[in-house]
Protein chains: 2
Amino acid sequence: MAKGKKDLDLSTEEKIMEAARKVFTEKGYAAARTRDIAEESGINLALLNYYFRSKEKLFELVMLERVNKLFGAIIPILNEESSSLEEKIEGIAGSYIDLLTEHPDLPIFVLSEIRNRPEKFAALVNARDRVTKSVFMKQLIERKLSVSPFHILINLLGMTVFPFVGKPVLSKLIGKEAEFDELMKQRKELIPMWIKMMLN
Amino acid sequence: MAKGKKDLDLSTEEKIMEAARKVFTEKGYAAARTRDIAEESGINLALLNYYFRSKEKLFELVMLERVNKLFGAIIPILNEESSSLEEKIEGIAGSYIDLLTEHPDLPIFVLSEIRNRPEKFAALVNARDRVTKSVFMKQLIERKLSVSPFHILINLLGMTVFPFVGKPVLSKLIGKEAEFDELMKQRKELIPMWIKMMLN
DNA sequence: TATTTTATTAATCATTCGATTAAATATTTT
DNA sequence: AAAATATTTAATCGAATGATTAATAAAATA
């Protein structure tokens, strides 16, 4: 049979995925209703199950996308062979701030879903070796710091990611949305500077 | 008798609150079932509504407790009149790490519930003036830094709070629970040191 | 064109869930 | 002790929700 998915199929499937991304990300798995997703995508409720079998299966696809997006922005940089430690730090801060400025709710979505159902999603982010044995960690160890290299990694991620995790609260303190974004833009250069200070 | 653990002399009301704290914090509002809370506290389901009117009302009490705990650990320090900027930085890092080592899921719980229903809880954390007009911010401004004082506040909170927000992922990288706690303990002294470096 | 497969819809099923009710039991007040 | 009030339970209600079904429309295939 012609197993090539037709344009219309793809379109419907993609409309559902698009709506699922939005609704799941806004409300979280438990509060999201399949009817919300159906309405948001302008399709019949039964079509959601026709194409994706269940709410759970649909969510797994969205979650996988999100996790890959979140970790795909850092893992490759950690493992670059040719770049220096300083270049990696600049790369991580820069690419993460660009990514999260566009998708501010990415980290809180992933982290809160993992917390709500750790048995289901913990394995998804088990990138232990790809981090602990990365070129980045090796380069950190070479510097013979007086503290664990994990501190540096935590600081880099904390200073970069935390403002977006705490955005619902922080943006109230800071004021306008534009000011928040301007601060984040500044941090692309500031964070590498601060981290480098910690390496001495 | 159900799996209620400590059936101590707690009043029925307090038994329900205790179970509500646990279930809401573990699963979030939307995924928490009033029947879970009833079973966890070893009481009849109807008693929950008898004492607290509704799931929503019960949750509001738990949420208020959590928010006060989370922000109560920092707001008073920000507004101390007698302590120096350096002392405040040490106080915040120290008291927050102590608090979050005991209650690691506090920040992710509060932040994700705010994100899921911002219209309901955003007002709860609107401490704008208490932060922006705090003694801490005044002291930062006096230092005539080359960057916005918000950067320093974000860095302090990011380095302190982020490891706990990301704990479900980070603890896998780091290894045993004890090692994570040991790193956090070290950070009580390290974070103030790093932040002070940023003040020059 | 005729037939088979794929896509879509309206209706509805089965469960779950928050909440209520009415009756029973315990506690306090008079 | 009697009456009044407060607490607790079992049963159940109604709405919401994920999922399915049976019928129809559209597209693909032969």
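For clarity, every value in this text was computed on a predicted model and none was experimentally measured. We use all heavy atoms of the structure for the numbers below, so side chains are in, but hydrogens, waters and symmetry mates are not. Chain identifiers are assigned alphabetically (A, B, ...) following the order of the sequence lines, protein sequences preceding nucleic acid strands; residue numbering begins at 1 within each chain.
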*Please give, in whole Å, the distance from D:dT20 C1' to A:R53 CZ?*
10 Å
*Specify the separation, in whole Å, of atom CD1 of A:I37 and atom P of D:dT17.*
12 Å
*Are any of B:N44's side-chain N or O atoms less than 4.0 Å away from OP1 or OP2 of D:dA10?*
yes
*What is the nucleic acid contact for A:A30, judged by heavy atoms within less than 4.0 Å: base, sugar-phosphate only, or nothing?*
nothing
*asked:* Checking contacts here: which listed nucleotide (C:dA10, C:dT6, C:dG18) is nearest the side-chain heavy atoms of A:A46?
replied: C:dA10
*So which heavy atom on B:M137 is nearest to which on B:P149, and how close?*
CE-CB, 4.0 Å
*Taking atom C1' of D:dT17 as reference, at what distance in whole Å does atom NZ of A:K27 sit?*
13 Å
*At under 4.0 Å, does any side-chain N or O of B:T12 touch on OP1 or OP2 of D:dT8?*
yes
*To the nearest Å, how far apart are A:L45 CG and D:dA22 P?*
17 Å
*When rounded to the nearest 0.5 angstrom, what is the spacing between CD1 in A:I154 and OG in A:S148?*
7.5 Å
*Provide, to the nearest angstrom, the distance between the CD atom belonging to A:E56 and the P atom belonging to D:dG18.*
11 Å
*What's the closest nucleotide to the B:K55 side chain, out of D:dA19, C:dA19, D:dA16?*
C:dA19
*Which part of the nucleic acid, if any, lies within reach of B:L48 when heavy atoms closer than 4.0 Å are counted: base, sugar-phosphate only, or nothing?*
nothing
_Looking at C:dG18, I'd like to know if its phosphate oxygens (OP1 or OP2) sit under 4.0 Å from a side-chain N or O belonging to B:T34._
yes
*Taking the side chain of B:Y50 as heavy atoms from C-beta outward, which of C:dT20, D:dG18, D:dA6 is closest to it?*
D:dA6
*Is there a side-chain contact between A:V125 and A:L70, using heavy atoms and a 4.5 Å cut-off?*
no
*Figure out the CD/P separation between A:E39 and C:dA10, and round it to whole Å.*
14 Å
*Do the side-chain N or O atoms of B:R35 get closer than 4.0 angstrom to the phosphate oxygens (OP1, OP2) of C:dT16?*
no
*Would you kindly give the CG-to-C1' distance between A:L47 and D:dG18, to the nearest whole Å?*
15 Å
*asked:* Distance to the ring centre below 6.0 angstrom and angle to the axis at most 45 degrees; does that hold for A:K55 and A:Y29?
replied: yes
*Of A:N49 and A:A31, whose nearest nucleotide on DNA chain D comes first from the 5' end?*
A:A31
*asked:* I need the CD-C1' distance between B:E13 and D:dT7, as an integer number of Å.
replied: 12 Å
*Do the charged groups of A:E39 and A:K22 touch, with an N to O distance under 4.0 Å?*
no
